[in-house]
Peer 1: 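The structure is given below, and queries will be raised subsequently.
Whatever order the structure lists them in is the order used to number ligands and atoms, beginning at 1.
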Amino acid sequence: MVETDEDGRGGGAAPRALITGAGGGLGRQVAIDLAARGVSVALADLNAKGVEETAALCGPNASTLAIIGDLAAGDAPEAAVDTVVAHWGGIDILVNNAGYGGIERFLEMTAALWDRTFSINVKALALLTAAAGRVMAGQGSGRIINLTSPASRMALPNYTAYAASKAAVDSITRAAAVALAPSGVRVNSVAPGMMDTEMQRSTEEKLAAIEGRNDVAAFLDERTRRVPVGRRAEIGEVAAVVVWLALDAPSYITAERLNASGGLDKD
Ligand SMILES: NC(=O)c1ccc[n+]([C@@H]2O[C@H](COP(=O)([O-])OP(=O)(O)OC[C@H]3O[C@@H](n4cnc5c(N)ncnc54)[C@H](O)[C@@H]3O)[C@@H](O)[C@H]2O)c1
């Protein structure tokens with residue numbers, strides 16, 4: 001059982017987490033690793049089958065809750081937090097991991113891609129942070145972890161909406177950390193390097209196509225060689241950073257943007 005005395009939830013009670021985008025990729029691994037530490041995990045995703053698989057992977061002793069639907073729609077962010085509170089009486093950890101990214105040339109950008117990207121990466125993340133933040137502030141404790149990206153600080157003309165959405169995540173992380181600091185709630189972010197997830201695979205294939213490259217394997221190798229440690233990130237090593245911020249990091253750490261990018265991002 002995880003001890004979280006410093007954050008006011010002593011006595012061995014299981015912390016309660018909401019993980020968005022838990023139907024696959026990084027969110028799935030974070031859910032599995034938090035569940036292994038005794039955390040009750042609410043798994044929110046569009047993908048019902050993916051959530052079912054994640055719940056099974058969390059093991060028979062895990063306490064899981066499925067929240068299926070589009071988090072960018074209507075009052076879905078508030079409803080997701082309400083569901084967690086209705087089931088477990090509160091919320092201790094929010095991992096804002098659900099994300100979307102699309103490739104298009106800068107001069108051919110579309111309103112549709114900006115809307116889709118910002119509605120989940122930015123609007124839903126901000127509203128989830130505020131909804132969970134209200135409950136956590138009432139409890140006097142809680143931890144929020146946002147997934148950002150090295151892209152937020154790069155010039156990426158074929159990936160501008162995504163990069164800009166992650167710059168917005170950095171801005172929201174700072175504002176939320178300051179808004180919630182007096183209430184005992186900590187807000188930090190993680191910037192993962194390239195992990196071989198569904199999102200990353202489809203993005204890089206489209207990027208290769210738009211850059212006129214037929215040799216996708218060589219294109220991927222070149223991108224890997226740009227990472228100073230010389231390899232892509234294991235999903236598990238990024239999940240470990242999220243879990244550390246959620247359960248183990250000293251409570252004085254807030255408003256931090258933690259790089260887990262093998263040296264791609266430098267500070
Ligand atoms: N993969 C990488 O290399 C990488 C690098 C940097 C940052 N990130 C960030 O890490 C996070 C996780 O990335 P991933 O690679 O695991 O992505 P992924 O595409 O494999 O998984 C994202 C999950 O979010 C869900 N989702 C998307 N839109 C949703 C919506 N509107 N409502 C509910 N669920 C929704 C998807 O169904 C999916 O299960 C993202 O925020 C991403 O931007 C990833």
Peer 1: Which residue owns the protein heavy atom closest to atom 21 (O) of ligand 1, what's the atom, and how far is it?
Peer 2: G24 O, 4.4 Å
Peer 1: May I ask you to identify the nearest protein heavy atom to atom 37 (O) of ligand 1, giving residue, atom name and distance to one decimal place in Å?
Peer 2: D45 OD1, 2.6 Å
Peer 1: Looking only at heavy atoms, what is the nearest atom pair of G262 and V227, with distance?
Peer 2: O-CG1, 3.6 Å
Peer 1: Test R257 against every option in D265, T173, D267, N146 by the side chain to side chain donor-acceptor pair (under 3.5 Å) rule and name the one that passes.
Peer 2: D265
Peer 1: Look at atom 15 (O) of ligand 1 and say which protein heavy atom is nearest, naming residue and atom and giving the distance to 0.1 Å.
Peer 2: T197 OG1, 2.4 Å
Peer 1: Can you confirm whether R116 is buried at CZ, in the sense that more than 12 heavy atoms of other residues, nucleotides or ligands lie under 6.0 Å from that atom?
Peer 2: no
Peer 1: Please determine whether any non-hydrogen atom of A76 lies less than 4.0 Å from an atom of ligand 1.
Peer 2: no
Peer 1: State which residue, out of E104, E108, R105, fulfils the side chain to side chain contact (heavy atoms under 4.5 Å, CB included) condition with N158.
Peer 2: R105
Peer 1: Do I93 and V30 land in one hydrophobic cluster if side-chain heavy atoms of ILVMFWY residues count as linked below 4.5 Å?
Peer 2: yes
Peer 1: Taking 4.0 Å as the limit for heavy-atom contacts, which would you say applies to I120 with ligand 1: side chain only, backbone only, both, or neither?
Peer 2: side chain
Peer 1: So do the side chains of L247 and R37 get within less than 4.5 Å of each other, counting heavy atoms only?
Peer 2: yes
Peer 1: Distance to 0.1 Å, residue and atom name: give those for the protein heavy atom nearest to atom 31 (N) of ligand 1.
Peer 2: D70 OD1, 2.8 Å
Peer 1: Under 4.0 Å from any heavy atom of Q200, which atoms of ligand 1 are there?
Peer 2: 1 (N), 2 (C), 3 (O)
Peer 1: What's the verdict on side-chain hydrogen bond (donor to acceptor under 3.5 Å, both in side chains) for E256 and S189, showing C-alpha distance, side-chain angles and the deciding distance?
Peer 2: CA-CA 6 Å; E256 174 63 2; S189 69; over 6 Å; no
Peer 1: Under a 3.5 Å cutoff, is there a donor and acceptor pairing between the side chains of S152 and D170?
Peer 2: yes
Peer 1: Which of the atoms in ligand 1, numbered in the order shown and given with their element, are less than 4.0 Å from a heavy-atom of L46?
Peer 2: 28 (N), 29 (C), 30 (C), 32 (N), 33 (C), 34 (N), 35 (C)
Peer 1: Considering only heavy atoms of G69, which atoms of ligand 1 have at least one such atom less than 4.0 Å away?
Peer 2: 32 (N), 33 (C)
Peer 1: Going by the order shown, which atoms of ligand 1 are within less than 4.0 Å of some heavy atom of M194?
Peer 2: 3 (O)
Peer 1: With side-chain hydrogen bond (donor to acceptor under 3.5 Å, both in side chains) as the test, would you mind laying out the steps for S165 and N121 before giving the verdict?
Peer 2: CA-CA 6 Å; S165 77; N121 296 13; 3.0 Å; yes
Peer 1: Name the closest protein heavy atom to atom 32 (N) of ligand 1, giving the residue it belongs to and the distance to 0.1 Å.
Peer 2: L71 N, 3.0 Å
Peer 1: For atom 6 (C) of ligand 1, find the nearest protein heavy atom and state the residue, atom name and distance (0.1 Å precision).
Peer 2: P192 O, 3.3 Å
Peer 1: Less than 4.5 Å apart, any side-chain heavy atom of L18 and any of V95?
Peer 2: no
Peer 1: Looking at atom 26 (N) of ligand 1, what's its closest protein heavy atom, distance included?
Peer 2: A98 CB, 4.0 Å
Peer 1: Could a heavy atom of S261 be found less than 4.0 Å from some atom of ligand 1?
Peer 2: no
Peer 1: Among side-chain atoms of N188 and R186, is any donor-acceptor pair under 3.5 angstrom?
Peer 2: no
Peer 1: Considering G50, G25, G99, which one's heavy-atom position lies nearest to atom 22 (C) of ligand 1?
Peer 2: G99
Peer 1: Please evaluate residues D92 and S141 with respect to the criterion side-chain hydrogen bond (donor to acceptor under 3.5 Å, both in side chains), reporting the C-alpha separation (whole Å), side-chain torsions for both, the decisive distance (0.1 Å), and the verdict.
Peer 2: CA-CA 7 Å; D92 305 294; S141 67; 4.6 Å; no
Peer 1: Which protein heavy atom lies closest to atom 24 (O) of ligand 1, and at what distance to 0.1 Å?
Peer 2: G21 CA, 3.3 Å
Peer 1: Could you see which bit of T148 sits under 4.0 Å from ligand 1, with heavy atoms only: side chain, backbone, both or neither?
Peer 2: backbone
Peer 1: For the residue pair I68 and D45, establish whether any side-chain heavy-atom pair is separated by less than 4.5 Å.
Peer 2: no
Peer 1: Can you name the atoms of ligand 1, numbered from 1 with element, that are less than 4.0 Å from a heavy atom of S149?
Peer 2: 6 (C), 7 (C)
Peer 1: Just which atoms of ligand 1 are under 4.0 Å from any heavy atom in L26?
Peer 2: 16 (O)
Peer 1: Looking just at side-chain N and O atoms, do R232 and T224 make a donor-acceptor pair shorter than 3.5 Å?
Peer 2: yes
Peer 1: Between L147 and ligand 1, is there a nitrogen or oxygen pair with a distance under 3.5 Å?
Peer 2: no
Peer 1: Does K166 come within less than 4.0 angstrom of ligand 1, counting non-hydrogen atoms of the residue?
Peer 2: yes
Peer 1: Need the ligand 1 atom indices (1-based, order shown) with element for anything under 4.0 Å from a heavy-atom of E198.
Peer 2: 20 (O)
Peer 1: Would you check the N or O atoms of Y100, main chain and side chain alike, for any that come under 3.5 Å of an N or O of ligand 1?
Peer 2: no
